[in-house]
Number of protein chains: 2
Amino acid sequence: MARTEDPAGRERILSAATDLFYVNGVRAVGMAEVIAAAGCGKHMLYRHFPSKAALAAAYLRRVRAERDKSTTRALAAAAGASKTTSAGDAARGIGTTRAGEQLVALVAEVAAWVQRRDYRGCAFRNYLTEFPAGDDEPAAVARDYLRDTRRQVDELVATLGKPGVTGDRIWLLIDALYGGTGTPPQVAVDWAKELVT
Amino acid sequence: MARTEDPAGRERILSAATDLFYVNGVRAVGMAEVIAAAGCGKHMLYRHFPSKAALAAAYLRRVRAERDKSTTRALAAAAGASKTTSAGDAARGIGTTRAGEQLVALVAEVAAWVQRRDYRGCAFRNYLTEFPAGDDEPAAVARDYLRDTRRQVDELVATLGKPGVTGDRIWLLIDALYGGTGTPPQVAVDWAKELVT
DNA sequence: ATAGTATCGGACCGATCGGTCCGTCAAGGG
DNA sequence: CCCTTGACGGACCGATCGGTCCGATACTAT
(Lines give C-alpha, C1' and ligand atoms only; values in the text may rest on other atoms or scores of the structure.)
Protein backbone atom coordinates (compact mmCIF):
# COMPACT_ATOMS: atom_id res chain seq x y z
CA MET A 1 0.00 0.00 0.00
CA ALA A 2 1.26 3.45 -0.82
CA ARG A 3 -0.56 6.10 1.21
CA THR A 4 -1.73 5.69 4.76
CA GLU A 5 -4.95 3.87 3.81
CA ASP A 6 -7.07 7.04 4.47
CA PRO A 7 -6.70 8.28 8.05
CA ALA A 8 -9.76 10.52 8.33
CA GLY A 9 -11.24 9.96 4.89
CA ARG A 10 -14.26 8.00 5.99
CA GLU A 11 -14.90 10.41 8.81
CA ARG A 12 -14.81 13.44 6.49
CA ILE A 13 -17.23 11.80 4.11
CA LEU A 14 -19.66 10.70 6.79
CA SER A 15 -19.50 14.08 8.47
CA ALA A 16 -20.30 15.91 5.25
CA ALA A 17 -23.07 13.46 4.39
CA THR A 18 -24.58 13.82 7.85
CA ASP A 19 -24.88 17.57 7.53
CA LEU A 20 -26.31 17.43 4.02
CA PHE A 21 -28.74 14.59 4.66
CA TYR A 22 -30.07 16.12 7.84
CA VAL A 23 -30.46 19.65 6.55
CA ASN A 24 -31.80 18.92 3.07
CA GLY A 25 -33.23 15.44 3.40
CA VAL A 26 -31.74 12.21 2.10
CA ARG A 27 -33.68 12.19 -1.14
CA ALA A 28 -32.77 15.74 -2.07
CA VAL A 29 -29.02 15.20 -1.69
CA GLY A 30 -27.15 13.52 -4.54
CA MET A 31 -23.95 11.57 -4.19
CA ALA A 32 -22.14 14.19 -6.25
CA GLU A 33 -23.10 16.78 -3.65
CA VAL A 34 -21.70 14.64 -0.85
CA ILE A 35 -18.47 14.17 -2.82
CA ALA A 36 -18.12 17.88 -3.39
CA ALA A 37 -18.74 18.68 0.28
CA ALA A 38 -16.36 15.98 1.48
CA GLY A 39 -13.65 17.13 -0.94
CA CYS A 40 -12.82 13.62 -2.06
CA GLY A 41 -13.18 11.61 -5.22
CA LYS A 42 -15.88 9.16 -6.16
CA HIS A 43 -13.38 6.38 -5.63
CA MET A 44 -13.06 7.10 -1.92
CA LEU A 45 -16.76 7.43 -1.30
CA TYR A 46 -17.79 4.19 -2.98
CA ARG A 47 -14.91 2.39 -1.30
CA HIS A 48 -16.21 3.23 2.17
CA PHE A 49 -19.93 3.19 1.35
CA PRO A 50 -20.88 0.88 -1.49
CA SER A 51 -24.25 2.54 -2.09
CA LYS A 52 -26.31 5.53 -1.12
CA ALA A 53 -28.42 3.34 1.16
CA ALA A 54 -25.28 2.25 3.00
CA LEU A 55 -24.24 5.88 3.41
CA ALA A 56 -27.69 6.83 4.67
CA ALA A 57 -27.62 3.95 7.14
CA ALA A 58 -24.23 5.08 8.41
CA TYR A 59 -25.62 8.62 8.73
CA LEU A 60 -28.51 7.43 10.86
CA ARG A 61 -26.25 5.21 12.95
CA ARG A 62 -24.02 8.19 13.56
CA VAL A 63 -26.95 10.31 14.72
CA ARG A 64 -28.13 7.46 16.90
CA ALA A 65 -24.72 7.12 18.54
CA GLU A 66 -24.80 10.82 19.31
CA ARG A 67 -28.34 10.60 20.67
CA ASP A 68 -27.58 7.55 22.78
CA LYS A 69 -24.54 9.21 24.28
CA SER A 70 -26.45 12.33 25.22
CA THR A 71 -29.38 10.34 26.60
CA THR A 72 -27.17 8.04 28.64
CA ARG A 73 -25.33 11.03 30.11
CA ALA A 74 -28.61 12.73 31.05
CA LEU A 75 -29.96 9.56 32.66
CA ALA A 76 -26.79 8.96 34.60
CA ALA A 77 -26.78 12.53 35.88
CA ALA A 78 -30.39 12.19 37.01
CA ALA A 79 -29.61 8.91 38.75
CA GLY A 80 -26.96 10.60 40.84
CA ALA A 81 -23.28 9.65 40.84
CA SER A 82 -24.11 6.17 39.62
CA LYS A 83 -21.48 4.54 37.44
CA THR A 84 -24.04 2.83 35.22
CA THR A 85 -23.39 3.08 31.52
CA SER A 86 -26.38 1.54 29.80
CA ALA A 87 -29.81 3.00 30.11
CA GLY A 88 -31.29 -0.38 30.88
CA ASP A 89 -28.99 -0.83 33.88
CA ALA A 90 -29.75 2.69 34.98
CA ALA A 91 -33.45 1.98 34.90
CA ARG A 92 -33.17 -1.13 37.04
CA GLY A 93 -32.06 -1.12 40.63
CA ILE A 94 -32.74 2.57 41.18
CA GLY A 95 -35.40 3.78 43.53
CA THR A 96 -38.75 4.99 42.22
CA THR A 97 -37.93 8.62 42.94
CA ARG A 98 -34.83 8.21 40.83
CA ALA A 99 -36.93 6.78 38.03
CA GLY A 100 -39.19 9.84 38.14
CA GLU A 101 -36.23 12.17 37.96
CA GLN A 102 -34.83 10.15 35.11
CA LEU A 103 -38.06 10.39 33.14
CA VAL A 104 -38.05 14.14 33.55
CA ALA A 105 -34.39 14.19 32.56
CA LEU A 106 -35.26 12.20 29.45
CA VAL A 107 -37.89 14.72 28.42
CA ALA A 108 -35.57 17.60 29.25
CA GLU A 109 -32.83 16.07 27.17
CA VAL A 110 -35.13 15.88 24.14
CA ALA A 111 -36.26 19.44 24.84
CA ALA A 112 -32.66 20.59 24.81
CA TRP A 113 -32.04 18.62 21.63
CA VAL A 114 -34.85 20.20 19.68
CA GLN A 115 -33.67 23.66 20.71
CA ARG A 116 -30.33 23.19 19.01
CA ARG A 117 -29.46 25.59 16.27
CA ASP A 118 -30.59 24.37 12.87
CA TYR A 119 -32.73 21.67 14.41
CA ARG A 120 -34.82 20.31 11.60
CA GLY A 121 -36.77 17.45 13.12
CA CYS A 122 -35.94 13.96 14.24
CA ALA A 123 -33.59 12.40 11.70
CA PHE A 124 -35.22 8.99 12.06
CA ARG A 125 -38.78 10.20 11.72
CA ASN A 126 -37.70 12.34 8.79
CA TYR A 127 -36.18 9.39 7.01
CA LEU A 128 -39.28 7.27 7.49
CA THR A 129 -41.34 10.13 6.12
CA GLU A 130 -39.12 10.39 3.07
CA PHE A 131 -39.21 6.63 2.45
CA PRO A 132 -42.54 5.45 3.88
CA ALA A 133 -42.42 2.04 2.22
CA GLY A 134 -38.72 1.59 2.77
CA ASP A 135 -37.61 -1.77 4.09
CA ASP A 136 -33.94 -1.11 3.45
CA GLU A 137 -31.06 -0.80 5.86
CA PRO A 138 -31.50 2.84 6.94
CA ALA A 139 -35.23 2.31 7.51
CA ALA A 140 -34.37 -0.55 9.84
CA VAL A 141 -31.92 1.65 11.73
CA ALA A 142 -34.59 4.33 12.10
CA ARG A 143 -37.28 1.94 13.28
CA ASP A 144 -34.90 0.26 15.70
CA TYR A 145 -34.13 3.61 17.27
CA LEU A 146 -37.79 4.46 17.80
CA ARG A 147 -38.51 1.01 19.22
CA ASP A 148 -35.54 1.06 21.58
CA THR A 149 -36.18 4.53 22.94
CA ARG A 150 -39.83 3.69 23.43
CA ARG A 151 -38.79 0.61 25.37
CA GLN A 152 -36.43 2.76 27.43
CA VAL A 153 -39.34 4.92 28.55
CA ASP A 154 -41.46 1.88 29.33
CA GLU A 155 -38.76 0.40 31.54
CA LEU A 156 -38.38 3.60 33.51
CA VAL A 157 -42.13 3.90 33.95
CA ALA A 158 -42.28 0.27 35.11
CA THR A 159 -39.78 1.14 37.83
CA LEU A 160 -41.91 4.11 38.80
CA GLY A 161 -45.04 3.27 40.74
CA LYS A 162 -47.35 5.32 38.54
CA PRO A 163 -50.35 3.93 36.70
CA GLY A 164 -49.81 2.54 33.23
CA VAL A 165 -51.00 5.61 31.39
CA THR A 166 -47.96 7.56 32.58
CA GLY A 167 -45.69 5.83 30.09
CA ASP A 168 -47.99 6.76 27.24
CA ARG A 169 -48.15 10.32 28.44
CA ILE A 170 -44.40 10.65 28.71
CA TRP A 171 -44.05 9.25 25.24
CA LEU A 172 -46.73 11.66 24.07
CA LEU A 173 -44.60 14.54 25.31
CA ILE A 174 -41.51 13.15 23.57
CA ASP A 175 -43.40 12.71 20.31
CA ALA A 176 -44.68 16.26 20.62
CA LEU A 177 -41.19 17.58 21.16
CA TYR A 178 -39.67 15.78 18.19
CA GLY A 179 -42.39 16.85 15.82
CA GLY A 180 -42.86 20.22 17.44
CA THR A 181 -44.12 23.14 15.40
CA GLY A 182 -43.44 26.15 17.54
CA THR A 183 -44.45 25.37 21.10
CA PRO A 184 -41.71 26.22 23.64
CA PRO A 185 -40.11 22.88 24.61
CA GLN A 186 -39.91 23.89 28.26
CA VAL A 187 -43.69 23.50 28.43
CA ALA A 188 -43.27 19.76 27.88
CA VAL A 189 -40.58 19.52 30.53
CA ASP A 190 -42.71 21.27 33.12
CA TRP A 191 -45.62 19.05 32.27
CA ALA A 192 -43.46 15.96 32.68
CA LYS A 193 -42.46 17.17 36.14
CA GLU A 194 -46.09 17.40 37.18
CA LEU A 195 -46.66 13.97 35.76
CA VAL A 196 -44.10 12.11 37.85
CA THR A 197 -44.80 13.86 41.15
CA MET B 1 -66.03 22.17 -28.80
CA ALA B 2 -66.46 18.51 -29.39
CA ARG B 3 -66.43 16.62 -26.12
CA THR B 4 -67.92 17.78 -22.88
CA GLU B 5 -64.91 19.90 -21.81
CA ASP B 6 -63.97 17.26 -19.14
CA PRO B 7 -66.70 16.86 -16.55
CA ALA B 8 -64.82 14.95 -13.87
CA GLY B 9 -61.37 14.97 -15.45
CA ARG B 10 -59.77 17.34 -13.01
CA GLU B 11 -61.38 15.57 -10.12
CA ARG B 12 -60.11 12.16 -11.22
CA ILE B 13 -56.58 13.47 -11.63
CA LEU B 14 -56.53 15.26 -8.30
CA SER B 15 -58.05 12.28 -6.55
CA ALA B 16 -55.42 9.92 -7.93
CA ALA B 17 -52.62 12.37 -7.16
CA THR B 18 -53.88 12.82 -3.61
CA ASP B 19 -53.72 9.12 -2.89
CA LEU B 20 -50.30 8.67 -4.45
CA PHE B 21 -48.74 11.77 -2.90
CA TYR B 22 -50.05 11.00 0.54
CA VAL B 23 -49.14 7.32 0.59
CA ASN B 24 -45.76 7.46 -1.12
CA GLY B 25 -44.66 11.03 -0.61
CA VAL B 26 -44.64 13.82 -3.18
CA ARG B 27 -41.01 13.36 -4.16
CA ALA B 28 -41.33 9.64 -4.76
CA VAL B 29 -44.28 9.95 -7.14
CA GLY B 30 -43.58 10.90 -10.74
CA MET B 31 -46.02 12.62 -13.03
CA ALA B 32 -46.16 9.51 -15.21
CA GLU B 33 -47.40 7.57 -12.21
CA VAL B 34 -50.16 10.09 -11.58
CA ILE B 35 -51.16 9.93 -15.24
CA ALA B 36 -51.31 6.15 -15.18
CA ALA B 37 -53.40 6.14 -11.99
CA ALA B 38 -55.75 8.82 -13.28
CA GLY B 39 -56.18 7.02 -16.58
CA CYS B 40 -55.77 10.18 -18.63
CA GLY B 41 -53.23 11.57 -21.02
CA LYS B 42 -50.43 14.00 -20.35
CA HIS B 43 -52.41 16.62 -22.20
CA MET B 44 -55.20 16.62 -19.62
CA LEU B 45 -52.93 16.67 -16.64
CA TYR B 46 -50.81 19.61 -17.74
CA ARG B 47 -53.91 21.48 -18.83
CA HIS B 48 -55.37 21.42 -15.34
CA PHE B 49 -52.09 21.57 -13.42
CA PRO B 50 -49.30 23.35 -15.25
CA SER B 51 -46.55 21.88 -13.09
CA LYS B 52 -45.92 19.29 -10.41
CA ALA B 53 -45.75 22.04 -7.80
CA ALA B 54 -49.22 23.22 -8.83
CA LEU B 55 -50.52 19.68 -8.54
CA ALA B 56 -48.92 19.26 -5.13
CA ALA B 57 -50.43 22.56 -3.98
CA ALA B 58 -53.86 21.43 -5.15
CA TYR B 59 -53.33 18.14 -3.30
CA LEU B 60 -52.56 19.96 -0.06
CA ARG B 61 -55.46 22.35 -0.54
CA ARG B 62 -57.74 19.38 -1.02
CA VAL B 63 -56.54 17.77 2.20
CA ARG B 64 -56.94 21.08 3.96
CA ALA B 65 -60.52 21.44 2.79
CA GLU B 66 -61.26 17.98 4.12
CA ARG B 67 -59.57 18.75 7.42
CA ASP B 68 -61.32 22.09 7.80
CA LYS B 69 -64.70 20.54 7.16
CA SER B 70 -64.16 17.83 9.73
CA THR B 71 -62.79 20.30 12.27
CA THR B 72 -65.62 22.75 11.78
CA ARG B 73 -68.18 20.00 12.18
CA ALA B 74 -66.55 18.78 15.40
CA LEU B 75 -66.40 22.31 16.81
CA ALA B 76 -70.02 23.02 15.95
CA ALA B 77 -71.15 19.79 17.57
CA ALA B 78 -69.24 20.64 20.74
CA ALA B 79 -70.75 24.13 20.80
CA GLY B 80 -74.23 22.68 20.87
CA ALA B 81 -76.88 23.25 18.22
CA SER B 82 -75.28 26.48 17.15
CA LYS B 83 -75.63 27.35 13.49
CA THR B 84 -72.14 28.83 13.22
CA THR B 85 -70.22 27.80 10.16
CA SER B 86 -66.72 29.17 10.63
CA ALA B 87 -64.49 28.05 13.44
CA GLY B 88 -63.65 31.64 14.32
CA ASP B 89 -67.29 32.49 14.84
CA ALA B 90 -67.74 29.36 16.87
CA ALA B 91 -64.89 30.35 19.14
CA ARG B 92 -66.28 33.79 19.83
CA GLY B 93 -69.46 34.41 21.71
CA ILE B 94 -69.60 31.01 23.37
CA GLY B 95 -69.31 30.51 27.10
CA THR B 96 -66.06 29.34 28.63
CA THR B 97 -67.43 25.87 29.31
CA ARG B 98 -68.26 25.63 25.63
CA ALA B 99 -64.69 26.64 24.78
CA GLY B 100 -63.35 23.87 26.99
CA GLU B 101 -65.57 21.30 25.34
CA GLN B 102 -64.53 22.59 21.96
CA LEU B 103 -60.84 22.24 22.77
CA VAL B 104 -61.42 18.65 23.81
CA ALA B 105 -63.44 18.11 20.65
CA LEU B 106 -60.55 19.50 18.64
CA VAL B 107 -58.10 17.06 20.17
CA ALA B 108 -60.61 14.22 19.79
CA GLU B 109 -61.09 15.09 16.14
CA VAL B 110 -57.34 14.85 15.50
CA ALA B 111 -57.26 11.60 17.47
CA ALA B 112 -59.97 10.18 15.26
CA TRP B 113 -58.13 11.42 12.20
CA VAL B 114 -54.87 9.70 13.02
CA GLN B 115 -56.71 6.44 13.62
CA ARG B 116 -57.97 6.31 10.07
CA ARG B 117 -56.95 3.35 7.98
CA ASP B 118 -53.71 3.98 6.10
CA TYR B 119 -52.97 7.09 8.11
CA ARG B 120 -49.43 8.00 7.24
CA GLY B 121 -48.77 11.24 9.09
CA CYS B 122 -49.90 14.82 8.64
CA ALA B 123 -49.79 15.66 4.93
CA PHE B 124 -48.58 19.20 5.63
CA ARG B 125 -45.84 18.23 8.03
CA ASN B 126 -44.80 15.46 5.64
CA TYR B 127 -44.48 17.90 2.75
CA LEU B 128 -42.38 20.30 4.79
CA THR B 129 -40.16 17.40 5.78
CA GLU B 130 -39.73 16.37 2.16
CA PHE B 131 -38.96 19.94 1.05
CA PRO B 132 -37.40 21.63 4.07
CA ALA B 133 -36.09 24.63 2.14
CA GLY B 134 -39.17 24.88 -0.01
CA ASP B 135 -40.62 28.35 -0.50
CA ASP B 136 -42.91 27.29 -3.30
CA GLU B 137 -46.69 27.22 -3.48
CA PRO B 138 -47.37 23.91 -1.71
CA ALA B 139 -44.99 24.84 1.11
CA ALA B 140 -46.98 28.02 1.62
CA VAL B 141 -50.21 26.04 1.75
CA ALA B 142 -48.72 23.70 4.34
CA ARG B 143 -47.36 26.50 6.50
CA ASP B 144 -50.61 28.41 6.29
CA TYR B 145 -52.50 25.39 7.56
CA LEU B 146 -50.25 24.94 10.56
CA ARG B 147 -50.40 28.64 11.37
CA ASP B 148 -54.19 28.84 11.05
CA THR B 149 -54.90 25.77 13.15
CA ARG B 150 -52.51 26.99 15.77
CA ARG B 151 -54.32 30.30 15.84
CA GLN B 152 -57.61 28.43 16.15
CA VAL B 153 -56.39 26.75 19.33
CA ASP B 154 -55.13 30.04 20.71
CA GLU B 155 -58.48 31.73 20.16
CA LEU B 156 -60.34 28.96 21.94
CA VAL B 157 -57.92 29.06 24.84
CA ALA B 158 -58.31 32.82 25.05
CA THR B 159 -62.05 32.33 25.47
CA LEU B 160 -61.37 29.80 28.17
CA GLY B 161 -60.30 31.25 31.49
CA LYS B 162 -57.29 29.01 31.86
CA PRO B 163 -53.70 30.24 32.30
CA GLY B 164 -51.67 30.87 29.16
CA VAL B 165 -49.79 27.61 29.29
CA THR B 166 -52.96 25.70 28.49
CA GLY B 167 -52.81 26.69 24.85
CA ASP B 168 -49.27 25.41 24.56
CA ARG B 169 -50.25 22.17 26.23
CA ILE B 170 -53.22 21.61 23.96
CA TRP B 171 -51.02 22.25 20.99
CA LEU B 172 -48.44 19.86 22.43
CA LEU B 173 -51.09 17.15 22.45
CA ILE B 174 -52.07 17.90 18.87
CA ASP B 175 -48.45 17.83 17.72
CA ALA B 176 -47.99 14.54 19.53
CA LEU B 177 -51.03 13.06 17.84
CA TYR B 178 -50.00 14.11 14.34
CA GLY B 179 -46.46 12.81 14.70
CA GLY B 180 -47.45 9.89 16.86
CA THR B 181 -45.38 6.72 16.81
CA GLY B 182 -47.60 4.16 18.46
CA THR B 183 -49.17 5.72 21.51
CA PRO B 184 -52.97 5.19 21.67
CA PRO B 185 -54.56 8.51 20.60
CA GLN B 186 -57.24 8.24 23.26
CA VAL B 187 -54.55 8.95 25.84
CA ALA B 188 -54.19 12.44 24.42
CA VAL B 189 -57.95 13.00 24.44
CA ASP B 190 -58.24 11.98 28.09
CA TRP B 191 -55.37 14.20 29.00
CA ALA B 192 -57.00 17.12 27.21
CA LYS B 193 -60.17 16.57 29.23
CA GLU B 194 -58.21 16.82 32.47
CA LEU B 195 -56.56 19.93 31.15
CA VAL B 196 -59.70 21.98 30.53
CA THR B 197 -61.57 20.98 33.70
C1' DA C 1 15.67 6.44 -9.26
C1' DT C 2 12.15 3.40 -10.06
C1' DA C 3 8.34 0.56 -9.42
C1' DG C 4 3.96 0.27 -7.44
C1' DT C 5 -0.27 1.79 -5.55
C1' DA C 6 -4.00 4.72 -3.92
C1' DT C 7 -6.45 8.81 -5.03
C1' DC C 8 -8.53 12.10 -7.96
C1' DG C 9 -11.77 13.75 -11.19
C1' DG C 10 -14.13 13.38 -15.19
C1' DA C 11 -16.12 10.49 -18.95
C1' DC C 12 -19.56 7.49 -19.29
C1' DC C 13 -23.66 4.25 -18.43
C1' DG C 14 -28.70 3.29 -18.26
C1' DA C 15 -32.65 4.93 -15.92
C1' DT C 16 -35.75 8.36 -14.59
C1' DC C 17 -37.11 12.96 -13.75
C1' DG C 18 -40.50 17.07 -15.16
C1' DG C 19 -42.16 18.96 -19.15
C1' DT C 20 -43.11 19.79 -24.42
C1' DC C 21 -44.67 18.47 -28.79
C1' DC C 22 -47.11 16.17 -32.28
C1' DG C 23 -49.38 12.33 -34.95
C1' DT C 24 -53.51 9.80 -34.46
C1' DC C 25 -58.11 9.04 -33.46
C1' DA C 26 -62.82 9.52 -31.81
C1' DA C 27 -66.81 12.26 -31.00
C1' DG C 28 -70.24 16.05 -31.91
C1' DG C 29 -72.13 19.81 -34.75
C1' DG C 30 -72.72 22.11 -39.36
C1' DC D 1 -71.59 13.74 -44.74
C1' DC D 2 -67.42 16.11 -43.54
C1' DC D 3 -65.09 18.97 -40.52
C1' DT D 4 -63.76 20.93 -36.34
C1' DT D 5 -62.14 20.00 -31.82
C1' DG D 6 -59.97 18.01 -28.15
C1' DA D 7 -58.03 14.02 -25.81
C1' DC D 8 -54.79 10.35 -26.02
C1' DG D 9 -50.26 8.50 -25.59
C1' DG D 10 -45.87 8.00 -27.11
C1' DA D 11 -41.64 10.30 -28.98
C1' DC D 12 -38.70 13.42 -27.48
C1' DC D 13 -36.04 17.07 -24.74
C1' DG D 14 -32.40 18.44 -21.41
C1' DA D 15 -31.17 17.55 -16.77
C1' DT D 16 -30.06 14.66 -13.07
C1' DC D 17 -29.97 10.40 -10.67
C1' DG D 18 -26.86 6.39 -8.61
C1' DG D 19 -23.08 3.94 -9.97
C1' DT D 20 -18.86 2.19 -12.91
C1' DC D 21 -14.67 2.77 -15.14
C1' DC D 22 -10.33 4.61 -16.46
C1' DG D 23 -6.46 7.83 -17.47
C1' DA D 24 -3.64 11.12 -15.01
C1' DT D 25 -1.38 12.18 -10.84
C1' DA D 26 1.19 11.94 -6.67
C1' DC D 27 3.08 9.67 -2.99
C1' DT D 28 5.66 5.76 -0.63
C1' DA D 29 8.55 1.70 -0.19
C1' DT D 30 12.41 -0.53 -2.07
Side-chain angles (χ1 to χ4, degrees), chain A residues 1-21 23-60 127 130-139, chain B residues 1-21 23-60 127 130-139:
Chain A
M1 57 196 73
R3 287 193 184 170
T4 73
E5 254 305 344
D6 48 77
R10 190 191 141 97
E11 169 56 31
R12 289 231 326 288
I13 294 172
L14 186 50
S15 179
T18 296
D19 284 352
L20 287 171
F21 282 163
V23 172
N24 304 107
V26 175
R27 262 206 152 97
V29 175
M31 295 298 262
E33 209 171 334
V34 175
I35 286 166
C40 67
K42 291 195 166 191
H43 191 76
M44 276 293 293
L45 194 155
Y46 281 101
R47 162 181 296 273
H48 291 294
F49 308 98
S51 70
K52 188 180 183 181
L55 180 59
Y59 146 63
L60 289 181
Y127 184 86
E130 284 195 282
F131 300 86
D135 59 346
D136 52 359
E137 193 187 355
Chain B
M1 58 195 72
R3 286 197 185 166
T4 73
E5 255 302 344
D6 48 77
R10 191 192 139 98
E11 170 56 30
R12 289 230 329 286
I13 294 172
L14 186 50
S15 179
T18 296
D19 285 351
L20 288 171
F21 283 163
V23 172
N24 303 107
V26 175
R27 262 203 150 99
V29 175
M31 295 297 262
E33 209 170 335
V34 175
I35 288 166
C40 68
K42 291 195 165 190
H43 191 77
M44 275 293 293
L45 195 155
Y46 281 101
R47 163 182 293 273
H48 290 294
F49 308 99
S51 69
K52 188 180 182 179
L55 181 57
Y59 146 63
L60 290 180
Y127 184 87
E130 283 195 281
F131 300 85
D135 59 347
D136 51 0
E137 192 186 357

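Predicted model, so just to flag it, every value in this text is computed and none were measured. Below, each value reflects all heavy atoms present in this structure, side chains not excepted, and no hydrogens, waters or symmetry copies.
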For a quick test of reading the model, state the closest non-hydrogen atom pair linking [X] to [Y] and the distance between them.
X        : Y        : value
A:Glu130 : A:Val26  : OE1-N, 2.8 Å
B:Val23  : A:Pro132 : O-CG, 3.5 Å
B:Arg27  : A:Ala28  : NH2-CB, 3.4 Å

Q | Phosphate-side-chain proximity, A:Arg47 and C:dA6, N/O vs OP1/OP2 below 4.0 Å | A |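 No, because none of the side-chain N or O atoms of A:Arg47 sits under 4.0 Å from OP1 or OP2 of C:dA6.
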Q.
Rounded to the nearest 0.5 Å, what separates atom CG in B:Leu20 from atom CD in B:Glu33?
A.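 Interatomic distance, B:Leu20 CG to B:Glu33 CD, rounded to 0.5 Å: 5.5 Å.
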Q | Protein-nucleotide distance (B:His43, atom NE2; C:dG23, atom P), rounded to Å | A |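 Nearest whole value for this atom pair: 15 Å.
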(Q) Just the rounded figure in Å: distance from P of D:dG6 to CG of B:Leu45. (A)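 Result: 18 Å.
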(Q) According to ring-ring contact (aromatic ring centres under 6.0 Å, His included), who are the partners of B:Phe131, at least two apart in sequence or on a separate chain? (A)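 Scan of B:Phe131 (ring-ring contact (aromatic ring centres under 6.0 Å, His included), adjacent residues dropped) gives B:Tyr127.
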(Q) So if I define the base as every atom that isn't primed, P, OP1 or OP2, how would nucleotides 14-20 of chain D read as a B/S/- string at a heavy-atom cutoff under 4.0 Å? (A) ----SBB
